[in-house]
*Asks:* 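This is the structure, below, for whatever I ask next.
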Amino acid sequence: LRDLQTLYWISKYVYKISNKNDLIKYNIFTRNDLEIFFKAEDFLWTIRCALHIFAKRANEILSFDLQVPIAISLGFKKESGLLAVEKFMQKYFFHAKNVGELTRILLSKMEAIHVKQKPSLVSKIKTAIAYNNLKLDKGFKLSNGRVDIDDSIDFLKKPLNLIKLFQNGLKSRRLIHPNSLHLISKNIHLVDDKFIESPESSKIFIDVLLNYGDPERALRRMNEVGFLGKFIPEFQRIVGMMQFNMYHKYTVDEHTIQCIKILSQIEQGQLKEDLPLVSKILHKGVNRKVLYIALLLHDIGKGTPENHSILGAKISNDVTIRLRFEKQEVELTSWLIKHHLLMSDIAQKRDLSEEKTILDFANIVKSTTRLRLLTVLTVCDI
């Protein structure tokens, strides 16, 4: 709520507007942006009023104990494997994400106003040198040090450019300009069946995951603008999904992106002291493509009555075939997802001094290839 209020206050000061509808007149927001603003504001004010009523005092913290009664009072019901409170919180995170998007839009407008219109000769030379060293793909440029789109009309003529934006962001090690991110969120319909099944888009997505050392940044931006859930439709259901228990700190999509971040950090040798075993495993080499996609999809089956590991393994078959995995890679990814809780369950719930425990585990795992991958996946998940 404070973010939305701040957006409005800044706009009142800069543009001297008298009501929120003027945000369209001054080309700050589109009609659709303003509708998102009003819906988020309505929902967040409703929660805030409910917090005051249930707490019987001024209270702005949506704490664990208040989430259940507020969800019930707002009419949320349990369905499709999700509790009423989980459905309520998923809607909360949806609106919170939209507020973040609106903030990015306004900040980029403010930046455009306050940036120097006529940079110095030295600044121009520095920009030219930086641009030449970046080797951005055709159609991309630098704006205020960020990767931006050269011409939006030409850009949208080739939908593949949508995923290339994230690739160029990682290749150049630069942030992506908010205007470009907003353009993608407004034109997310371009990520259609043809785009999803395209060999080129699959190749670029795998490239983004494996080859630039910071896949978390790209995945986070993809998720914020709705690209990740469109490109992998099976992922959309877990966006903003929370699990109402004491064991899960993050929403399912955020947890997944955190897992990818940990894997990347281990690969780069940043966690050698904390995680020596998996650091050694990765140094010796594993199938990185299988490992990254298995981590990306390991919780994709959550939020249904079915066992999420078994369902996730089935879903992963469809996704990996679409991403042009070889048959053995499809099977290995599916196996890892189906058994991604095996190692932690046995370690925490079974007697490891019993020979049968070890034999049972070995009979399921069957190979050192699986064992190495499962070990890394388990550590990243925990």
Side-chain angles (χ1 to χ4, degrees), residues 1-51 60-62 74 88-115 143-149 152 155-156 162 165-166 169 174-191 217-231 236 239-242 250-251 253-254 257:
L1 267 177
R2 179 54 54 88
D3 285 353
L4 289 175
Q5 289 165 350
T6 303
L7 293 183
Y8 184 44
W9 293 336
I10 291 172
S11 302
K12 281 172 76 77
Y13 176 79
V14 174
Y15 296 100
K16 308 295 185 275
I17 63 176
S18 56
N19 69 70
K20 289 164 189 167
N21 285 304
D22 290 337
L23 291 166
I24 298 175
K25 186 169 80 176
Y26 285 93
N27 200 30
I28 302 167
F29 290 151
T30 64
R31 174 68 60 187
N32 184 56
D33 295 332
L34 196 60
E35 190 177 326
I36 289 170
F37 185 110
F38 286 136
K39 283 182 178 177
E41 190 177 44
D42 268 358
F43 186 75
L44 295 171
W45 269 117
T46 301
I47 295 175
R48 191 182 184 200
C49 291
L51 279 171
E60 278 72 54
I61 299 171
L62 188 55
L74 296 182
F88 162 59
M89 290 303 293
Q90 189 168 26
K91 188 167 183 181
Y92 163 78
F93 285 115
F94 169 78
H95 285 296
K97 182 171 74 72
N98 283 343
V99 171
E101 170 73 1
L102 295 172
T103 304
R104 266 203 308 271
I105 295 166
L106 183 73
L107 290 179
S108 68
K109 301 283 184 186
M110 296 297 104
E111 185 181 74
I113 290 169
H114 293 287
V115 74
S143 292
N144 301 325
R146 298 182 188 130
V147 177
D148 202 357
I149 291 159
S152 60
F155 178 85
L156 295 173
L162 271 67
L165 175 66
F166 302 106
R174 299 292 180 107
L175 297 176
I176 298 172
H177 199 281
N179 288 346
S180 295
L181 291 171
H182 187 47
L183 185 70
I184 287 186
S185 67
K186 285 198 301 182
N187 293 278
I188 204 69
H189 62 275
L190 294 175
V191 185
R217 184 156 60 90
L219 289 174
R220 193 173 294 287
R221 298 292 89 81
M222 286 179 179
N223 198 33
E224 286 172 357
V225 300
F227 179 89
L228 190 55
K230 284 288 282 184
F231 183 65
Q236 183 59 47
V239 173
M241 181 188 290
M242 70 157 284
Y250 299 107
T251 57
D253 57 327
E254 175 62 20
I257 293 171

*Asks:* Can you list every salt bridge (charged side-chain N to carboxylate O under 4.0 Å, His left out) pair that touches residues 222-231, not counting sequence neighbours?
*Replies:*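 Only Arg104-Glu224, Arg221-Glu224 qualify under salt bridge (charged side-chain N to carboxylate O under 4.0 Å, His left out).
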*Asks:* For the residue pair Lys16 and Tyr13, would you count it as a cation-pi contact if the rule is NZ or CZ under 6.0 angstrom from the ring centre and within 45 degrees of the ring axis?
*Replies:*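 So Lys16 does make the cation-pi contact.
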*Asks:* After noting the C-alpha distance and the side-chain angles of Phe43 and Phe94, does the key distance pass the ring pair (Phe, Tyr, Trp, His ring centres under 6.0 Å) rule?
*Replies:* CA-CA 11 Å; Phe43 186 75; Phe94 169 78; 9.2 Å; no
*Asks:* For Tyr26, give me all partners under ring pair (Phe, Tyr, Trp, His ring centres under 6.0 Å), at least two apart in sequence or on another chain.
*Replies:*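 Only Tyr15 meet the ring pair (Phe, Tyr, Trp, His ring centres under 6.0 Å) criterion with Tyr26.
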*Asks:* Is the number of heavy atoms from other residues, nucleotides or ligands within 6.0 Å of OH (Tyr92) greater than 12?
*Replies:*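 Counting neighbours around OH of Tyr92, 12 or fewer heavy atoms of other residues, nucleotides or ligands fall under 6.0 Å, so no.
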*Asks:* Could you grab the distance from atom CG of Leu181 to atom CD1 of Ile105, nearest 0.5 Å is fine?
*Replies:*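 Answer rounded to 0.5 Å: 10.0 Å.
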*Asks:* For Thr30, give me all partners under side chain to side chain contact (heavy atoms under 4.5 Å, CB included), at least two apart in sequence or on another chain.
*Replies:*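 Side chain to side chain contact (heavy atoms under 4.5 Å, CB included) list for Thr30, sorted by chain: Asn32, Asp33, Lys186.
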*Asks:* Only counting residues at least two apart or in another chain, list the ones meeting side chain to side chain donor-acceptor pair (under 3.5 Å) with Asp22.
*Replies:*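 For Asp22, the residues satisfying side chain to side chain donor-acceptor pair (under 3.5 Å) (neighbours in sequence not counted) are Ser18.
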*Asks:* Can Lys20 be said to sit on top of Phe38's aromatic six-ring, NZ or CZ under 6.0 Å from centre and within 45° of the ring axis?
*Replies:*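 No cation-pi geometry.
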*Asks:* Which distance, rounded to the nearest 0.5 Å, do you find between the CG of Leu175 and the CG of Asp148?
*Replies:*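 CG of Asp148 is found 12.0 Å from CG of Leu175.
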*Asks:* Mind listing the side-chain donor-acceptor pairs of residues 44-51 below 3.5 Å, one per line with the distance, residues two or more places apart or on another chain?
*Replies:*
| from | atom 1 | to | atom 2 | distance (Å) |
| --- | --- | --- | --- | --- |
| Thr46 | OG1 | Asp42 | O | 2.7 |
| Arg48 | NE | Glu60 | OE2 | 3.0 |
| Arg48 | NH2 | Glu60 | OE2 | 3.1 |

*Asks:* Residues in side chain to side chain contact (heavy atoms under 4.5 Å, CB included) with Glu254, at least two apart?
*Replies:*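 Result, side chain to side chain contact (heavy atoms under 4.5 Å, CB included) vs Glu254: Arg220, Tyr250, Thr251, Gln258.
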